[in-house]
Amino acid sequence: MTSNVVPATPDSIAAAADLLAEGGLVAFPTETVYGLGGDATRGRVVARIFAAKGRPRFNPLIVHLAPGWPAEEIAIMDERAKRLAARFWPGALTLVLTRAPGCPISLLASAGLDTVALRMPAHPIAQALLKKVHLPIAAPSANPSGRLSPTEAAHVVETLGDRVDLILDGGKCPGGLESTVIDLSVPEARILRPGLVTAEALERELGEKIAVVAAHDEAPGAERRSDGAPAAMNANSEIISDDEIKSPGMLASHYAPKKPLRLNATAAEPGEALLAFGPNPPRSILASLNLSPKGDLVEAAANLFAYLHRLDASQAHTIAVMPIPEDGLGAAINDRLRRAAAPRP
Ligand code: TXA
Ligand code: MG
């Protein structure tokens, strides 16, 4: 453990807020996964976030707001946005919205797009930090680009430890999967990333069918706009042309453990670890973890990344994953599993 991990207490949260105000990077827990936070209004700080993660600059960041923060100063909140914010904020929903005139968020956080992604987290530590710092905070998941998302402080320490000024340890993230990203910058709302808030819940609130765009299907890790047009910038925040973007193919996998994944496994082959789901799973000689013995998708989501981290550290050469039903949260779980299993660079 490096010494920059501290348990989240009122004092350490105040210190973390000071660091953020000075332009530092702080990893903090949210109800979904740990975020790697920095002042979203300063391009230099946002650039540090991209550098710490090794994240391609055409992939925009989510901006986190304290409860009650006037989102309309940052983005255009149409009726749909107001409805969804009233119903799901604070919570695991990220709204992609058109930037408001005079939007204070660094263009780099938007990756040069005319939109900005906003979320108001529900986790008490995230909220305390955001209130204290009184700034919009850009925070992607606190993992190196393309790797497994962190649901415990130890995951952040292992993979980003020395690239972060401070890590607030708030224990396990209760949700365990990222927020749902819904694009409201277009006439027909569309889901860009399935997450903890299900498509069904969003449809119920908006009273319309919402398409889940396979924003990630061509180059899953590229996390491009679903219109396929990456807006990219170089280190000086100048727009660069498409062909200057380094091979998007190198981003073909995402949420990836180091070991390969084999999906829809009904048994573990010799040398494989097993990520099980449901009662009476087959045996694995090497290592086996059950996402939810009672077949509960909420429990499975909460355990997903932590169990993948653990099986990744086992002796196995491959992680075999049992089938997970597609309904409800299963859609988001399967989205992550498919991308984790996608061909590697
Ligand atoms: O649960 C979460 O959302 C976590 C916690 C820390 O809040 N954050 C997170 O951030 O997962 P990140 O950067 O790993 O994923 C952000 C996703 C990416 O798929 C990105 O492409 C998309 O949101 N995104 C951000 N801004 C966007 C924009 N303006 N237009 C389209 N997609 C956007
Ligand atoms: Mg991420």
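Ligands are counted one by one from 1 in listed order, and the atoms in each one are counted from 1 as well.
- Note on Asp165 versus Arg48: salt bridge recorded, some NZ/NE/NH1/NH2 to OD/OE distance being below 4.0 Å.
- Side chain of Arg80 to main chain of Pro187: a donor-acceptor pair is present (N/O by atom type, distance under 3.5 Å, no hydrogens or angles).
- The proximity of Arg193 to ligand 1, defined as any non-hydrogen pair under 4.0 Å, is limited to the side chain.
- In this structure, Arg99 does not pair ionically with Asp114, as no charged nitrogen and carboxylate oxygen lie closer than 4.0 Å.
- Set against the non-hydrogen atoms of Ala117, the atoms of ligand 1 under 4.0 Å away are 25 (C), 26 (N), 27 (C).
- Within the 2.8 Å limit, Ser141 places at least one N, O or S atom next to the Mg ion (ligand 2).
- Of the polar atoms of Ser110, none of the N or O atoms is found under 3.5 Å from an N or O of ligand 1, judged by distance alone.
- Ion pairing of Arg119 with Glu31 is present here, as a side-chain N (NZ or NE/NH1/NH2) and a carboxylate O approach within less than 4.0 Å.
- In summary, the atoms of ligand 1 found under 4.0 Å from a heavy atom of Glu178, numbered by their order in the structure, are 1 (O), 2 (C), 11 (O).
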Derivation and outcome, side-chain contact (heavy atoms from CB on, under 4.5 Å), residues Leu160 and His155: CA-CA 8 Å; Leu160 286 182; His155 300 153; over 6 Å; no
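- Short contacts between ligand 1 and Thr32, defined as distances under 4.0 Å to a heavy atom of the residue, involve ligand atoms 1 (O), 2 (C), 4 (C), 5 (C).
- Between the side chain of Asn334 and the backbone N or O of Ile324, at least one donor-acceptor pair lies under 3.5 Å.
- Two residues are said to be in side-chain contact when any heavy atoms from C-beta on lie closer than 4.5 Å; Ile191 and Val213 fail this criterion.
- Summarising the contacts of atom 31 (C) of ligand 1 with Leu192, Leu196, Thr98, Ile105, the nearest heavy atom is found in Leu192.
- Listed by number with element, the atoms of ligand 1 under 4.0 angstrom from any heavy atom of Gly35 are 6 (C).
- At a heavy-atom cutoff of 4.0 Å, ligand 1 is contacted by the backbone of Ala139 but not by its side chain.
- Residue Tyr34 has no N or O atom closer than 3.5 Å to an N or O atom of ligand 1.
- At under 3.5 Å, not a single nitrogen or oxygen of Thr94, backbone or side chain, sits near a nitrogen or oxygen of ligand 1.
- Atoms of ligand 1 found under 4.0 Å from any heavy atom of His64, numbered from 1 in the order shown, are 5 (C), 6 (C), 7 (O).
- Within 6.0 Å of the NE2 atom in His317, the count of heavy atoms belonging to other residues, nucleotides or ligands exceeds 12.
- Those atoms of ligand 1 with a heavy atom of Thr115 less than 4.0 angstrom away are 28 (C), 29 (N), 30 (N).
- At distances below 3.5 Å, not a single donor-acceptor pair connects side-chain atoms of Ser141 with backbone N or O atoms of Asn143.
- Only the backbone of Leu61 comes within 4.0 Å of ligand 1, judged by heavy-atom distances.
- Ion pairing of Glu178 with Arg336 is present here, as a side-chain N (NZ or NE/NH1/NH2) and a carboxylate O approach within less than 4.0 Å.
- Residue Ser179 has at least one nitrogen or oxygen atom sitting less than 3.5 Å from a nitrogen or oxygen atom of ligand 1, judged on distance alone.
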Test side-chain contact (heavy atoms from CB on, under 4.5 Å) applied to Phe28 and Ile137, step by step: CA-CA 11 Å; Phe28 61 94; Ile137 295 296; 4.2 Å; yes
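- Each of the following atoms of ligand 1 lies closer than 4.0 Å to a heavy atom of Val181: 23 (O).
- Close contacts between ligand 1 and Asn59 involve ligand atoms 18 (C), 20 (C), 21 (O) [criterion: under 4.0 Å to a heavy atom].
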